[in-house]
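The structure appears below as structure tokens.
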Amino acid sequence: MAELRFDGRVAVVTGAGRGLGRAYARLLAARGAKVVVNDAGTSLAGDGGDTSPAQQVVDEITAAGGEAVANTDSVATPDGGRALIDTALKRWGRLDVLIHNAGIVRRAALREMSYDDFEAVVDVHLRGAFHVVRPAFPVMCDAGYGRIVLTSSIGGLYGNHEVANYAVAKAGVIGLSNVAAMEGAAHGVQCNVIVPAALTRMAEGLDTSAYPPMEPELVAPAVGWLAHETCSITGEIMIALAGRVARAVIAETPGVYRPSWTIEDVAANLDAIRDTSAPIVFPVVPDGHGDHIRYSFALAKGSAEGAVHA
Ligand code: NAD
């Protein structure tokens, strides 16, 4: 296969001063993209600010013959999000790729989590996604082209202990991605979610001695493909963990139809209601929302396949 390149494309990568974002920015730049390397240079908990991580990645890209500009605005505010999108537009006059990757972690058990810790994490991951997608989306739609990648997490799909804030935010970006994929479809704008895992400072404190290789560079090609013009999917969730690349889906059981229900009926039909042996996936685009409703209506009219009439 010919090398998939990004010549002439302009990309914004948030949180690109370290870890996964750095690997994404370096890969895109190595393939010809002009890259805004955004990073506010915060601590893992989101405190402080340091301009050097973003500049260092720009220096690495430039030294390798690529083109990049540093931006240290915070994605956690509407002004910051707009400013970092404007950096791409002012510098290069276009925006083809947006990867929202910036993130922080604040751990606390649900029964003790402070509102400060909840808000701070949601501000960077979820509101941050809106703060960058909101100014980028009209630009992309008007240009008739765009590739957006938002970052979820295993914690967003399945939850995890002591990260209610993070799990909420990482589940929330899936909703934003779905809407961007639906509303962008007619304009050549595609949006997908990456569920990455890699050994970065986010793994600090974990015993990773028995882990297989998990460097950020193992994740970057999946994100690179989602960001490329040949990307053929939208409204999907891609997983990249320790060399495994996979798709995550929201699936439904066919279900059980009855013209009326009692609480006892639910209990009596539970096995069939929960039977995952024939899962149904409604793709977000073109119309997962409508397909879901139509399937349920068809059941009520007795014309849907697979489900049980009890
Ligand atoms: P990292 O801490 O190495 O890098 C995140 C970067 O985001 C940092 O350089 C930080 O300065 C920057 N940042 C934080 N707040 C910011 C803000 N308000 N504005 C701009 N930049 C900000 O972390 P990472 O492991 O590379 O994580 C990258 C993304 O991948 C995050 O969204 C994270 O939640 C997600 N993720 C990571 C893993 C993993 O295994 N590392 C797993 C699942 C999801």
Side-chain angles (χ1 to χ4, degrees), residues 12-26 36-58 70-85 87 98-107 119-132 149-160 163 165-174 176-177 193-206 208 211-220 222-223 237-244 248:
V12 167
V13 185
T14 73
R18 302 184 180 95
L20 285 157
R22 172 175 171 268
Y24 306 159
R26 285 167 51 112
V36 176
V37 175
N38 160 264
D39 203 297
T42 71
S43 72
L44 189 55
D47 302 314
D50 177 359
T51 56
S52 61
Q55 189 55 50
Q56 195 180 324
V57 173
V58 168
N71 170 286
T72 56
D73 286 302
S74 170
V75 299
T77 67
D79 288 349
R82 181 166 295 281
L84 72 95
I85 297 300
T87 299
L98 169 62
I99 301 171
H100 176 48
N101 157 85
I104 63 172
V105 177
R106 294 189 182 188
R107 291 182 176 280
E119 291 295 343
V121 169
V122 171
D123 277 349
V124 176
H125 294 272
L126 181 54
R127 289 200 186 88
F130 186 71
H131 295 329
V132 290
V149 184
L150 304 182
T151 307
S152 185
S153 165
I154 313 169
L157 297 181
Y158 301 109
N160 201 2
V163 290
N165 45 7
Y166 187 83
V168 162
K170 290 308 204 186
V173 299
I174 296 172
L176 177 60
S177 175
V193 166
I194 184 74
V195 175
L199 290 182
T200 66
R201 68 177 183 170
M202 281 200 185
E204 272 169 21
L206 301 176
T208 58
Y211 281 25
M214 281 184 67
E215 44 308 331
E217 286 70 22
L218 263 178
V219 173
V223 172
I237 304 169
M238 189 175 275
I239 293 167
L241 182 152
R244 171 178 175 246

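Counting begins at 1 with the first residue of the sequence. Ligands are counted one by one from 1 in listed order, and the atoms in each one are counted from 1 as well. Just the heavy atoms: all of them, side chains too, but no hydrogens, waters or symmetry mates, feed the values below.
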Pro53 touching ligand 1 at heavy-atom level, < 4.0 angstrom: no
Whether Asp39 lies under 4.0 Å from ligand 1, heavy atom: yes
Distance filter under 4.0 Å to Asn38 heavy atoms, resulting ligand 1 atoms: 20 (C), 21 (N)
Ligand 1 contact by Gly46, heavy-atom criterion under 4.0 angstrom: no
Close-contact set for ligand 1 against Gly41 heavy atoms, below 4.0 Å: 11 (O)
Ser152 heavy atom under 4.0 Å from ligand 1: yes
Taking every non-hydrogen atom, the tightest pair across Val195 and Ile154: CG1-N, 3.6 Å
Atom of Ala129, atom of Leu150 and distance for their closest heavy-atom approach: CB-CD2, 4.4 Å
Reported CG-to-CZ distance for the pair Leu44 and Arg107, which is rounded to 0.5 angstrom: 8.5 Å
For atom 38 (C) of ligand 1, closest protein heavy-atom neighbour: Pro196 O, 3.8 Å
Value rounded to 0.5 Å, distance of CZ in Arg244 from CG in Leu218: 13.5 Å
Atom indices of ligand 1, in the order listed, that fall short of 4.0 Å to a heavy atom of Gly19: 3 (O), 26 (O)
Which residue and heavy atom of the protein sit nearest atom 24 (P) of ligand 1, plus the separation: Thr200 OG1, 3.6 Å
Pro196 and its side-chain contact (heavy atoms from CB on, under 4.5 Å) partner, picked from Val219, Asn101, Leu241: Val219
Ser74 N/O under 3.5 Å from ligand 1 N/O: yes
CG on Leu126 to CG on Leu176, rounded to 0.5 Å: 7.5 Å
Euclidean distance, Asp39 CG relative to Arg18 CZ, rounded to 0.5 Å: 5.5 Å
Pair Asp79, Thr77: side-chain N/O donor-acceptor within cut-off below 3.5 Å: no
Atoms in ligand 1 flagged as close to Ala197, the criterion being non-hydrogen separation under 4.0 Å: 39 (C), 40 (O), 42 (C)
Short N or O distance, Thr151 and ligand 1, threshold 3.5 Å exclusive: no
Gap between atom NE2 of His125 and atom NZ of Lys170 - 0.5 Å precision: 4.5 Å
Closest approach of Gly128 to His100 (non-hydrogen atoms, all atoms of both residues): C-NE2, 3.6 Å
Side chain, backbone, both or neither: the part of Val75 lying under 4.0 Å from ligand 1 by heavy atom: both
Identity and separation of the nearest protein heavy atom to atom 26 (O) of ligand 1: Leu20 N, 2.8 Å
For atom 5 (C) of ligand 1, the protein heavy atom that lies nearest, with its residue and separation: Gly103 O, 3.8 Å
Closest approach of any protein heavy atom to atom 27 (O) of ligand 1, naming residue and atom: Met202 CE, 3.7 Å
Ligand 1 atoms in contact with Tyr166 (distance to a heavy atom under 4.0 Å): 33 (C), 34 (O), 35 (C), 36 (N), 43 (C), 44 (C)
Region of Thr42 that comes within reach of ligand 1 [heavy atoms, distance under 4.0 Å]: both
Nitrogen or oxygen of Ile104 less than 3.5 angstrom from that of ligand 1: no
Contact partition for Val124 relative to ligand 1, non-hydrogen atoms under 4.0 Å: side chain
Protein contact to atom 41 (N) of ligand 1 [nearest heavy atom, distance to 0.1 Å]: Ala198 O, 3.1 Å
Closest protein heavy atom (residue, atom, distance) for atom 1 (P) of ligand 1: Arg201 NE, 3.9 Å
Asn71 side chain to Thr87 side chain, donor-acceptor N/O pair below 3.5 angstrom: yes
Lys170 touching ligand 1 at heavy-atom level, < 4.0 angstrom: yes
Note, Val75 side chain near Val124 side chain (heavy atom, < 4.5 Å): yes
Structural part of His125 in contact with ligand 1, heavy atom criterion under 4.0 angstrom: side chain
Atom indices of ligand 1 within 4.0 angstrom of Asn101 heavy atoms, with elements: 28 (C), 29 (C), 30 (O), 31 (C), 32 (O)
From OG (Ser43) to CD1 (Ile104), nearest 0.5 Å: 7.5 Å
For the student: nearest non-hydrogen atoms of Ala16 and Val57, plus distance: O-CG2, 3.4 Å
Protein residue, atom and distance nearest to atom 21 (N) of ligand 1, heavy-atom basis: Ala40 N, 3.2 Å
Sequence-distant partners of Arg127, side chain to side chain donor-acceptor pair (under 3.5 Å), two or more places apart: Glu119, Asp123
